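Report on the structure given below.
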Amino acid sequence: MNLSLKIWRQKNANSEGKFQQYDVQGISEDMSFLEMFDVLNERLINEGDTPVAFDHDCREGICGMCSMYINGQPHGPGKNVTTCQLHMRSFKDGDTITVEPWRAKAFPIVKDLAVNRSAFDRIISAGGYVSVNTGNAQDANSLPIAKDNADDAFMAAACIGCGACVAACVNSSAMLFTSAKISQLALLPQGQAERAMRAEKMVAQMDTEGFGACSVTGACEAECPKGISLENIARMNREYYGAVLSSK
Amino acid sequence: MSWVTKTLSSSLGRKLIMAVTGISLILFLLVHCGINSMIFFNDGGETFNAAAEFMSGNWLIRTAEVGLMAGFIIHIADGLMLWKSNAEKRPVKYAIVKGEANSSWASRSMGILGSLLLIFLVIHLRHFWITSRFTDEITGGHTTLFAEMIETFANPIAVIIYVIGCISLAYHLSHGFQSSFQTMGWNHPKYTPFVKSVGLSFSILIPLIFAAMPISMYFGWIA
């Protein structure tokens, strides 16, 4: 496959960025999108140019590091895929592919396609943990958990924190991420001790970081590589309203 | 800052305000549509005028009107402020956005649809509410609301404005109805499909009935 790439190049957070066009030849349709970038970067290095900076780690779709906004969609076309699991067979020979970084005030650009997502870490630090001593692993039957709750908590815990929800949202809202993190703990017995405090603090931190409000467009759910459901946002709303009404 | 102010000024609180006022305005639309539909009796506006008179003469309704106005003002002001602050959360825009791949057009255009509705609301209030509440009282109340409608909708431009208003309302409601339930935390696999279908039917039916009023009056089907 021969492709034309329009890639956002930006030296650092403070410099002006612009699109730069690169033509790549001989791309196999079995390559992942990131492997195609590796081919381009090898060439750029050999030519003495600066390679395109982009985030990546496991390349197995589970770490949440890759973060490319491809042809107007986070992680490109296709359902439930991260950029590293997106294969070149999703494109046609001769295509022009536009690649941008996640764009949000709360995710400043580090370089080219790499953005700083530490705002997510600070939301977690605000309350996305269990600090009470839960002890050693117990006998499975000593902590009864309803199957529905276990399933919902598991689905919420599937969030890899990649930020595609923020990137997809017209308001750059982080509610799908925050609600998944609140939900996974609110649904399990270990999370009860700090349940109310958690919802209040994590929402407050989310607002402080400069993420937008939710318009319920559902774009986050549709673009989430892990299929995190909007039901989590409704749960977060209930958790939050309940928390502010009952906290002392 | 008190906990109430803090909560209502948070991103979740501001959306809750939109949802609660939105639902109240939906209830108002139901009453408004019900009363106005009395023109379809086609009895020269007799039933409709009697209902309109009852509404304007009843102190309970007049008191509720103050609440309604507050609902409108809060919904509009909060909506515009949210629109502005949400837009600021992405200072550098994307070159390409494939919105249709992940969301409905109405859900992404609530600000524009709301602004169209605001323009329509000003025109609509000038046509009927100001006339019936103030101008008529000053001039001695010689016209009925029905006569006012017939006169207004003889003008094709007014009819077009009202039809555009109704279309904007339909799209605004098609997203607003169900999303207000989600914002209030009411999302459940059993009830959400029901809420969505009621919302969709409401958003088609109510604007359709409203749009039928100026159209039928313009063509003289109701006189």
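Labels below follow one simple rule: chain letters A, B, ... track the order of the sequence lines, proteins then strands, and each chain is numbered from 1. Note that the coordinates shown come from a computational prediction; the quantities given were computed from them, not determined experimentally.
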Next item on the list: Would you check if A/Asn171 and B/Trp83 make a side-chain contact, meaning some heavy-atom pair closer than 4.5 Å?
Entry: no
Item checked: Distance, nearest 0.5 Å, that separates OG of B/Ser179 from CG of A/Leu230 -> 10.5 Å
Next item on the list: Counting only heavy atoms closer than 4.5 Å, note whether A/Ala167 contacts chain B via side chain, backbone, both or neither.
Entry: both
Note to self: With a 4.5 angstrom heavy-atom cut-off, is it the side chain or the backbone of A/Met236 that approaches chain B, or both, or neither?
What the structure shows: both
Check: If you count heavy-atom pairs under 4.5 Å between each of B/Ala95, B/Ala101, B/Gly99 and chain A, which one has the most?
Finding: B/Ala95
Note to self: With chain A as the partner, which of B/Ser85, B/Ser10, B/Ser11 has the greatest number of non-hydrogen pairs under 4.5 Å?
What the structure shows: B/Ser11
Check: Hey, what do you get for CD (A/Glu223) to OG (B/Ser103), rounding to the nearest 0.5 Å?
Finding: 8.5 Å
Checklist line | Under 3.5 Å donor-acceptor, B/Lys98 side chain and A/Asn71 backbone | finding: no
Notebook entry, point to check: Is there a side-chain contact between B/Met184 and A/Asn237 (heavy atoms, below 4.5 Å)?
Noted result: no
Check: Is there a donor-acceptor contact under 3.5 Å from the side chain of B/His188 to the main chain of A/Glu231?
Finding: no
Check: Are any side-chain N or O atoms of B/Asn86 and backbone N or O atoms of A/Gly212, one a donor and one an acceptor, separated by less than 3.5 Å?
Finding: no
Checklist line | Side chain / backbone / both / neither for A/Phe107 at chain B, heavy atoms under 4.5 Å | finding: neither
Check: Got a sec: does the NZ of A/Lys92 have more than 12 other heavy atoms crowding it under 6.0 Å?
Finding: no
Margin query: What verdict does the side chain to side chain contact (heavy atoms under 4.5 Å, CB included) test give for A/Tyr69 and B/Val97, after you've listed the backbone C-alpha separation in whole Å, the side-chain angles of each residue and the deciding distance to 0.1 Å?
Written below: CA-CA 9 Å; A/Tyr69 196 85; B/Val97 179; 3.9 Å; yes
Next item on the list: Select one option (side chain, backbone, both, neither) describing which atoms of A/Val244 are under 4.5 Å from chain B's heavy atoms.
Entry: both
Note to self: So for A/Ile109, is it side chain, backbone, both, or neither that comes closer than 4.5 Å to the heavy atoms of chain B?
What the structure shows: neither
Checklist line | Residue part contacting chain B, namely of A/Glu100, when any heavy atom lies under 4.5 Å | finding: side chain
Notebook entry, point to check: For B/Gln178, is it the side chain, the backbone, both or neither that has a heavy atom under 4.5 Å from a heavy atom of chain A?
Noted result: neither
Check: Would you find a donor on one side and an acceptor on the other, under 3.5 Å apart, between the side chain of B/Arg90 and the backbone of A/Cys169?
Finding: yes
Next item on the list: Enter the distance from B/Asn187:CG to A/Ser229:OG here, rounded to the nearest 0.5 Å.
Entry: 6.5 Å
Notebook entry, point to check: Can you tell me how far CD of B/Glu100 sits from CD of A/Gln73, rounded to the nearest 0.5 angstrom?
Noted result: 8.0 Å
Next item on the list: Quick one: which of B/Thr183, B/Ile96, B/Val4 has the most heavy-atom pairs under 4.5 Å with chain A, could you say?
Entry: B/Ile96
Next item on the list: Could you tell me which non-hydrogen atom of B/Gln182 sits nearest to which non-hydrogen atom of A/Ala234, and how far apart they are?
Entry: NE2-N, 3.4 Å
Item checked: Engaged part of B/Leu12 at the chain A interface, taking heavy atoms whose separation is under 4.5 Å -> both
Check: Do A/Ser247 and B/Trp3 come within less than 4.5 Å of each other through their side chains, counting heavy atoms only?
Finding: no
Check: Does OH belonging to B/Tyr171 count more than 12 external heavy atoms closer than 6.0 Å?
Finding: no
Check: Is chain B contacted by the side chain of A/Arg103, its backbone, both, or neither, given a heavy-atom distance below 4.5 Å?
Finding: both
Notebook entry, point to check: Do A/Ser215 and B/Arg108 come within less than 4.5 Å of each other through their side chains, counting heavy atoms only?
Noted result: no
Next item on the list: Please check if any side-chain donor atom of B/Thr7 sits under 3.5 Å from a side-chain acceptor atom of A/Tyr241, or the reverse.
Entry: no
Margin query: Are more than 12 heavy atoms, taken from residues, nucleotides or ligands other than A/Met155, located less than 6.0 Å from that residue's CE atom?
Written below: no
Item checked: A/Pro101 versus chain B, the contacting section by heavy-atom distance below 4.5 Å -> backbone
Notebook entry, point to check: Got a second to check how far B/Tyr94's OH is from A/Trp8's CH2, nearest 0.5 Å?
Noted result: 12.0 Å
